[in-house]
There are 2 protein chains.
Amino acid sequence: MDKKDALNAFAALSQPTRLDVFRLLITKGEVGMQAGELAEALDVRQNTLSANLSVLLNAGLVRNQREGRAIRYFADTEGLQGLLGFLLQDCCGGRPDLCQPLIQDLTCSC
Amino acid sequence: MDKKDALNAFAALSQPTRLDVFRLLITKGEVGMQAGELAEALDVRQNTLSANLSVLLNAGLVRNQREGRAIRYFADTEGLQGLLGFLLQDCCGGRPDLCQPLIQDLTCSC
DNA sequence: TCCATAATTCATGAATTATTGAAATGAATG
DNA sequence: CATTCATTTCAATAATTCATGAATTATGGA
């Protein structure tokens with residue numbers, strides 16, 4: 001993860017449909033969703049969604065996998081981890097006591 | 001933190017100078033940096049930096065505080081926390097075992 | 001092979017965003 | 001109270017991004 005990758009990823013997440021897609025896929029975990037299901041769930045045209053999925057793919061935020069004629073998409077948590085690690089590199093002026101709360105309170109609402 | 005806030009924040013981080021500013025401020029913790037110091041450190045003109053700082057402020061990613069005639073800026077970790085919480089809401093299909101690694105490996109490099 | 005389905009690619013126009021020079025604001029100093 | 005320093009605001013131009021219709025690719029079934 002370098003600066004260019006990070007910029008790509010943040011740009012990818014700064015568009016309404018793409019943010020919706022990513023957050024929806026995050027909730028789906030390893031189940032994922034097919035492109036068509038995503039388009040229907042979010043009420044977006046196929047080609048528009050496809051363009052946006054391609055941005056997310058290119059940003060390393062989603063993965064995909066062909067499944068018959070459909071293509072199934074998943075949130076790429078490794079990509080996300082890389083992004084957050086880059087963003088928080090050397091954080092908090094070297095004081096773990098300030099830093100811990102930031103990380104720890106990211107309690108997952110599973 | 002709602003969707004609009006999140007989009008603002010990601011858009012703010014998707015511009016090179018602003019990403020540099022935020023990451024630099026993250027490393028500075030509660031020490032922060034004055035606008036002029038930031039401009040010099042990142043080799044950006046004052047008015048360009050000012051416009052970018054205002055975007056980061058508006059996105060809730062930095063705070064500032066007047067200090068004599070200068071203005072000191074800080075990364076706003078609460079804002080960042082809100083953003084990440086929003087992004088990861090209901091993550092991993094309700095399976096904490098998949099979710100934990102994502103959060104925990106964000107070990108802070110303090 | 002031919003057709004239907006699922007998804008992607010491409011070109012275009014509309015809208016948004018970024019940078020800059022110039023001017024203005026706000027706070028401290030003499 | 002005038003000056004200076006630090007920063008912001010303004011207006012204009014340049015560059016980027018977005019959704020869309022039309023065309024294309026890929027897969028599976030008749």
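In this text, all values refer to a predicted model and were calculated from it rather than measured experimentally. In what follows, every chain begins at residue 1, and chains take the letters A, B, ... in the order their sequences are listed.
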Using the salt bridge (charged side-chain N to carboxylate O under 4.0 Å, His left out) rule, take Arg23(A) and Asp90(B) through it: C-alpha gap first, then chi angles, then the decisive distance, then the call. CA-CA 9 Å; Arg23(A) 297 211 321 139; Asp90(B) 306 316; over 6 Å; no
To the nearest Å, give me how far apart CZ (Arg45(A)) and P (dT8(C)) are. 17 Å
Side chains of Leu80(A) and Leu87(B) in contact at under 4.5 Å (non-hydrogen atoms): yes
When the nearest nucleotide of DNA chain D is assigned to Glu67(A) and to Ala35(B) on a heavy-atom basis, which residue is associated with the more 5' position? Ala35(B)
Gln46(B) CD to dT9(D) C1', in whole Å, measures 13 Å
Ignoring backbone atoms, establish whether Thr48(A) has a side-chain N or O less than 4.0 Å from OP1 or OP2 of dT20(D). yes
Compare the minimum distances between each of dT29(C), dA19(D), dT9(C) and the side chain of Asn52(A), then state the nucleotide with the smallest one. dA19(D)
Using a heavy-atom cut-off of under 4.0 Å over every strand shown, decide if Arg18(A) touches base, sugar-phosphate, or nothing. sugar-phosphate
Is the shortest side-chain N/O distance from Tyr73(A) to OP1 or OP2 of dA6(C) below 4.0 Å? no
Starting at atom CD of Gln65(A), determine the distance to atom C1' of dA6(C), rounded to an integer number of angstrom. 16 Å
Atom-to-atom span, CZ of Phe10(A) to C1' of dT16(D) - whole angstrom: 19 Å
Can you tell if the side chain of Lys28(B) reaches within under 4.5 Å of the side chain of Phe74(B), non-hydrogen atoms only? no
Taken to the nearest whole Å, CG/Leu13(B) to P/dA18(C) is 12 Å
In whole Å, I'd like the distance from the CG atom of Asn47(A) to the P atom of dA22(D). 11 Å
I need the CZ-C1' distance between Arg66(A) and dA7(C), as an integer number of Å. 7 Å
Leu49(A) CG to dC18(D) C1', straight-line distance once rounded to whole Å: 14 Å
Would you give the length of the straight line joining atom CD of Glu37(A) to atom CG of Leu24(A), rounded to the nearest 0.5 angstrom? 9.5 Å
Identify the heavy atoms of Leu56(B) and Arg18(B) that sit nearest to each other, and give their distance. CD1-O, 3.9 Å
Given dT19(C), dT8(C), dG29(D), identify the nucleotide with an atom nearest to the side chain of Arg69(A). dG29(D)
